[in-house]
Amino acid sequence: MPFFEKAKVTATSEDLTSYMKFLEPLVYGQRVEQPIENGETTRKVMRSLNRAADRLNKRLVRIPSDASKVVFRVGRTERRKLNIPAEEIARRVAKAKATLAAKAKAE
């Protein structure tokens, strides 16, 4: 068992100012190809971009690309509404509850 009393917990916060300045003028529908520098990964860059976009109340949609750049477009801020009838929702909920109950019995 690990020695939890020896753990060092710190609050780290990333400075997203430059990301926010970059994203601020972008509007819905624009497509961006952002080259990445050595030592960075596409995942790290996209994660920071998404955090900054969240603070600006924007949504980014990633487009697959190679490892030398991050490609995304600015998406709609509102989530898509699904037109599912109430009966279908109730059926799905009942099925999920039955599945959970069956798994609990199996354990």
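Keep in mind the model is a prediction, meaning the values are calculated, not measured.
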Review point. Roughly how far apart are Leu26 CG and Phe72 CZ, rounded to 0.5 Å?
Key: 6.0 Å
Point to revise | Heavy-atom closest contact (Leu60 atom, Ala53 atom, distance) | key: CG-CB, 3.8 Å
Review point. Can you tell me if Lys58 uses its side chain to pair, donor with acceptor, with the backbone of Val74 under 3.5 Å?
Key: no
Practice item. State yes or no: do Phe22 and Leu56 share one hydrophobic cluster built from I, L, V, M, F, W and Y residues joined by side-chain heavy-atom distances below 4.5 Å, directly or via other members? Key: yes
Exercise for review: Look at Arg91 together with Glu87 and state whether they make a salt bridge at an N to O cut-off of under 4.0 Å.
Suggested key: no
Practice item. With side-chain hydrogen bond (donor to acceptor under 3.5 Å, both in side chains) as the test, would you mind laying out the steps for Glu14 and Ser48 before giving the verdict? Key: CA-CA 8 Å; Glu14 183 180 5; Ser48 297; 2.6 Å; yes
Check your understanding: Are any side-chain N or O atoms of Asp54 and backbone N or O atoms of Asn50, one a donor and one an acceptor, separated by less than 3.5 Å?
Key -> no
Study note, to complete from the structure: Output for pair (Ile84 CD1, Arg92 CZ), nearest 0.5 Å, gives 4.0 Å
Check your understanding: Roughly how far, to the nearest 0.5 Å, is the CG atom of Leu49 from the CE atom of Met20?
Key -> 12.0 Å
Check your understanding: What's the verdict on side chain to side chain contact (heavy atoms under 4.5 Å, CB included) for Thr77 and Tyr28, showing C-alpha distance, side-chain angles and the deciding distance?
Key -> CA-CA 8 Å; Thr77 53; Tyr28 168 70; over 6 Å; no
Check your understanding: Roughly how far, to the nearest 0.5 Å, is the OG1 atom of Thr42 from the CZ atom of Arg47?
Key -> 10.0 Å
Point to revise | Validation row: Ile36, Val70 side chains within 4.5 angstrom (heavy atoms) | key: yes
Exercise for review: Considering non-hydrogen atoms only, spot the tightest contact between Leu16 and Ala52 and give its length.
Suggested key: CD1-N, 4.0 Å
Exercise for review: Taking the side chain as every heavy atom from C-beta outward, state whether Lys21 and Ser18 have any pair of such atoms under 4.5 Å apart.
Suggested key: no
Point to revise | Distance, nearest 0.5 Å, that separates CG of Asn83 from CD of Glu88 | key: 13.0 Å
Review point. Of Arg73, Arg62, Lys69, which is the lone residue that meets salt bridge (Lys or Arg N to Asp or Glu O under 4.0 Å) with Glu33?
Key: Lys69
**Study point:** Within 6.0 Å of CD in Glu37, more than 12 heavy atoms from elsewhere
**Key:** no
Check your understanding: What distance separates Leu23 CG from Gln34 CD, expressed to the nearest 0.5 Å?
Key -> 9.5 Å
